[in-house]
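First the structure, then my questions, so here it is.
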Amino acid sequence: MLEPIIVRPKGEKYQIVAGARRFKASRIAKQKDIPAIVRELTDQEAAEFAVIENLQRADVHWLDEAKGFEKLLVDGMTADALARRVGKHKVYIYQRLALTRLIPKLQKLAYEGKISLGVGLLLGRLTPTVQGAATEELGKYGRLTASEVKRYIEQHVYLDLSQAPFDTSDASFVPKAGACIACPKRTGASPLLFADIKAKDTCTDPVCFQAKCEALITQQQEKYPRALKIAYGDVEWGDRERLSQEAVIFEDRGYSSYGDKEPHWQQSSAGACDFTQDAIVVAGDRRRLGEHKLVCAEPRCSLHASARGGQRVPKQPGVLNEERARQIEELWQRRTRHACRVAVHNAVRAQQEQASPVPVEALRFAVREAYRNAHIYSDGRAYLESLWLGDNKKAEKGIDNLIEAADHHTLLRLLIDFPLANDVAEKFADGKEVELVANAYGLDVKALSTPVVSEWEEKKQVSYAKRDARLAKERAQLEAGRKATGKPKKNEANAN
């Protein structure tokens with residue numbers, strides 16, 4: 001025994017203050033006595049001795065450390081005073097105390113070693129509801145890592161109060177929640193706990209924020225009881241499907257990424273057409289929620305009518321309006337850029353190495369994890385399946401089975417294809433990533449793209465020729481109809 005234990009009198013016995021593990025070890029060694037120092041200590045002093053002594057252990061669990069700090073916050077001691085007492089920075093103490101607010105499920109995972117301290121620090125400062133939602137959502141995919149949790153929180157939890165559609169200083173708007181500027185869940189209310197968040201007016205309770213948005217929408221719907229429910233801006237696919245069932249009408253953006261059968265609305269003004277009516281924004285852009293608008297959602301309206309994909313219908317047969325012409329030109333440009341990216345990517349694949357010194361099982365593990373954790377969207381996934389599976393792209397676990405059976409060469413190509421899939425397949429991608437890889441292989445991107453551009457330019461001109469012929473035919477039919485009825489042209493009638 002190199003260091004005596006510390007005890008204090010407790011009635012007729014002694015209570016161990018520091019050295020419980022040394023005492024247990026002595027009993028296992030069948031020692032009859034043990035060196036000890038007896039001190040008269042209050043309960044608070046004894047707690048401080050125990051916590052500070054426990055902190056000297058090399059293997060102390062971070063959750064046990066946090067609970068030890070929590071025990072010391074008695075008799076009005078503040079976190080700042082505790083930091084001075086134990087010789088730690090104030091930020092360190094605030095963050096450790098937040099760990100004690102982890103929900104039981106996360107504490108269990110912490111003791112089992114399934115989540116790291118970084119995950120605990122990110123989730124511990126959030127509400128139990130948010131902790132539970134993040135654990136359930138990320139746990140489905142085994143992604144309870146610090147980077148995934150941080151990404152989830154940034155995308156689904158943190159909300160910029162400067163973009164709130166309601167008055168954040170009005171405590172009477174939702175009395176139960178109070179004013180946002182005085183809320184303890186605002187990052188600015190705990191600057192030491194949220195030292196990594198630059199925007200101090202950030203809400204960390206999306207449930208409360210959404211409740212205020214819904215209260216604002218309800219308030220507006222009571223004011224305009226016959227108003228349509230509309231979505232303003234982009235809406236995620238999962239929410240879009242749900243909102244469609246709730247008779248929410250989506251904005252006509254000039255194109256349709258989700259199908260042509262959905263009803264759309266267009267901005268209108270009072271008296272612009274017979275179908276103009278009130279509408280309330282209930283989804284989409286958070287800043288617009290609850291906003292009142294005048295819209296037209298009638299597909300038969302001659303002023304606001306929409307064809308497939310939100311394309312404007314020409315007012316006269318045989319006439320291509322400027323907006324539609326611009327959309328067609330942009331479509332061809334996107335197709336051309338996409339074809340160039342595919343050509344460059346195919347050249348990259350042709351130049352990739354044929355062998356690797358890395359053991360095939362280690363490489364297979366890396367490829368499997370890369371595929372599992374890659375954020376590949378629907379277009380990119382469809383491109384990968386078409387590229388690698390061909391006619392078998394609908395087979396269950398197609399890519400997974402391909403990885404398990406692949407050799408070195410195939411695994412290396414897959415490892416590069418996964419991060420490039422979105423950049424190659426998505427129509428609005430800039431192609432920078434596939435171009436970067438092509439340059440690394442010493443490929444001439446311009447030389448590869450030039451023949452593709454020429455090919456698609458020819459296709460475009462053929463398409464335009466067919467379009468012009470159709471429009472000329474319509475104009476001829478229109479002119480023949482006017483001559484048969486003797487009806488003058490519009491400009492001739494005005495001259496008379």
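Heavy atoms only: backbone and side chains are in, while hydrogens, waters and symmetry mates are out. In this text the structure is predicted, and so the values were computed from the model without any measurement.
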Would you kindly check if the NZ (Lys) or CZ (Arg) of Arg96 is within the cone defined by 45 degrees around the ring axis of Tyr92 and under 6.0 Å from the six-membered ring centre?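 Yes - Arg96 lies over the ring of Tyr92, closer than 6.0 Å to its centre and within 45° of its axis.
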Should we count NZ of Lys140 as having more than 12 external heavy atoms under 6.0 Å?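 Enclosed.
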If you take all heavy atoms of Tyr152 and Leu138, which pair is closest and at what distance?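 Minimum heavy-atom separation between Tyr152 and Leu138: CB-CD1, 4.0 Å.
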Should Arg337 and Gln333 count as side-chain neighbours, where that means a heavy-atom distance under 4.5 Å?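 Yes, their side chains come closer than 4.5 Å.
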Are there more than 12 heavy atoms of other residues, nucleotides or ligands under 6.0 Å from atom CD of Glu136?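 Check fails, neighbour count at 12 or below.
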Which atom pair, heavy atoms only, marks the closest approach of Thr129 to Val207?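 Looks like CG2-CG2, 3.9 Å.
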Which donor-acceptor pairs under 3.5 Å do side chains of residues 171-189 form with protein atoms, sequence neighbours excluded?
| unit_1 | atom_1 | unit_2 | atom_2 | d |
| --- | --- | --- | --- | --- |
| Ser172 | OG | Asp170 | OD1 | 2.6 |
| Lys185 | NZ | Asp205 | OD2 | 2.6 |
| Arg186 | NE | Ile181 | O | 3.4 |
| Arg186 | NH1 | Asp201 | OD1 | 3.1 |
| Arg186 | NH2 | Ile181 | O | 3.3 |
| Thr187 | OG1 | Ala199 | O | 3.1 |
| Thr187 | OG1 | Lys200 | O | 2.8 |
| Thr187 | OG1 | Thr202 | N | 3.4 |

What are the two closest non-hydrogen atoms of Asn439 and Leu443, and how far apart are they?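 Closest pair (atom of Asn439, atom of Leu443, distance): OD1-O, 3.9 Å.
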Answer yes or no for Arg8 and Tyr14: cation-pi contact, defined as NZ/CZ to six-membered ring centre under 6.0 Å and angle to ring axis within 45°.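 Negative - Arg8 is either too far from the ring of Tyr14 or too far off its axis.
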So, Gln220 side chain and Gly290 main chain: donor-acceptor pair closer than 3.5 Å or not?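 It does hold such a pair.
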Looking at Glu70 and Lys67, does any basic side-chain N land under 4.0 Å from a carboxylate oxygen?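 Not counted as a salt bridge, because no side-chain N and carboxylate O are separated by less than 4.0 Å.
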Is Arg22 salt-bridged to Glu3, cutoff N-O under 4.0 Å?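 No, this pair does not count.
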Heavy-atom pair of closest approach, residues Ala347 and Leu448: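 Reported closest heavy-atom pair: CB-CD1, 3.6 Å.
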Taking Glu291 for its side chain and Val281 for its backbone only, find out whether a donor-acceptor pair lies under 3.5 Å.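 Answer holds: no.
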Who passes side chain to side chain contact (heavy atoms under 4.5 Å, CB included) against Glu433, sequence neighbours left out?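 Testing Glu433 for side chain to side chain contact (heavy atoms under 4.5 Å, CB included), a comparison that skips the adjacent residues, returns Leu420, Asp423.
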Stepwise, does the side-chain contact (heavy atoms from CB on, under 4.5 Å) test hold for Leu121 with Leu99? CA-CA 6 Å; Leu121 292 173; Leu99 293 173; 3.9 Å; yes
Between Lys229 (side chain) and Ala279 (backbone), is there a donor-acceptor pair under 3.5 Å?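 No; zero donor-acceptor contacts below 3.5 Å.
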Answer yes or no: is there an ion pair linking Lys432 with Asp430, defined by an N-O contact shorter than 4.0 Å?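 Salt bridge absent between Lys432 and Asp430.
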State the NZ-CG distance between Lys114 and Leu144, to the nearest 0.5 angstrom.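 It is 10.5 Å, given to the nearest 0.5 Å.
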With distance as the sole test, does Gln15 use its side chain to make a donor-acceptor pair with the main-chain N or O of Lys10 at under 3.5 Å?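 A pair under 3.5 Å: no.
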Look up atom CG in Leu192 and atom CG in Leu97, then write down how far apart they are to the nearest 0.5 Å.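 That separation rounds to 11.5 Å.
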One thing to verify: whether Asp167 and Lys212 come together as a salt bridge, which I'm taking to mean a side-chain N less than 4.0 angstrom from a carboxylate O.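 The answer is no: the pair does not qualify as a salt bridge.
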Hey, are Tyr383 and His345 close enough side-chain-wise for a donor-acceptor pair under 3.5 Å?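 Side-chain D/A pair, His345 to Tyr383: present.
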Polar side-chain atom of Ser386 near backbone of Ala382 as donor-acceptor pair, under 3.5 Å: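 No, the answer is negative, given that no donor and acceptor are paired below the 3.5 Å cut-off.
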Charged N to carboxylate O under 4.0 angstrom, Arg151 versus Glu154?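 The answer is no: the pair does not qualify as a salt bridge.
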Answer with yes or no whether the side chains of Lys150 and Gln155 bring together a donor and an acceptor at under 3.5 Å.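 Lys150 and Gln155 do not have a side-chain donor-acceptor pair below 3.5 Å.
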What distance do Phe166 atom CZ and Leu216 atom CG have between them, rounded to the nearest 0.5 Å?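 The CZ atom of Phe166 sits 8.5 Å away from the CG atom of Leu216.
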Might you work through the side-chain contact (heavy atoms from CB on, under 4.5 Å) test for Thr135 and Lys105, ending with a clear yes or no? CA-CA 9 Å; Thr135 304; Lys105 182 176 181 178; 3.9 Å; yes
Can a donor-acceptor pair be found, under 3.5 Å and without considering hydrogens, that links the side chain of Thr78 to the backbone of Ala81?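 Here the side-chain-to-backbone pair exists.
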Could you grab the distance from atom CZ of Arg240 to atom CD of Gln245, nearest 0.5 Å is fine?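 Separation between the atoms: 13.5 Å.
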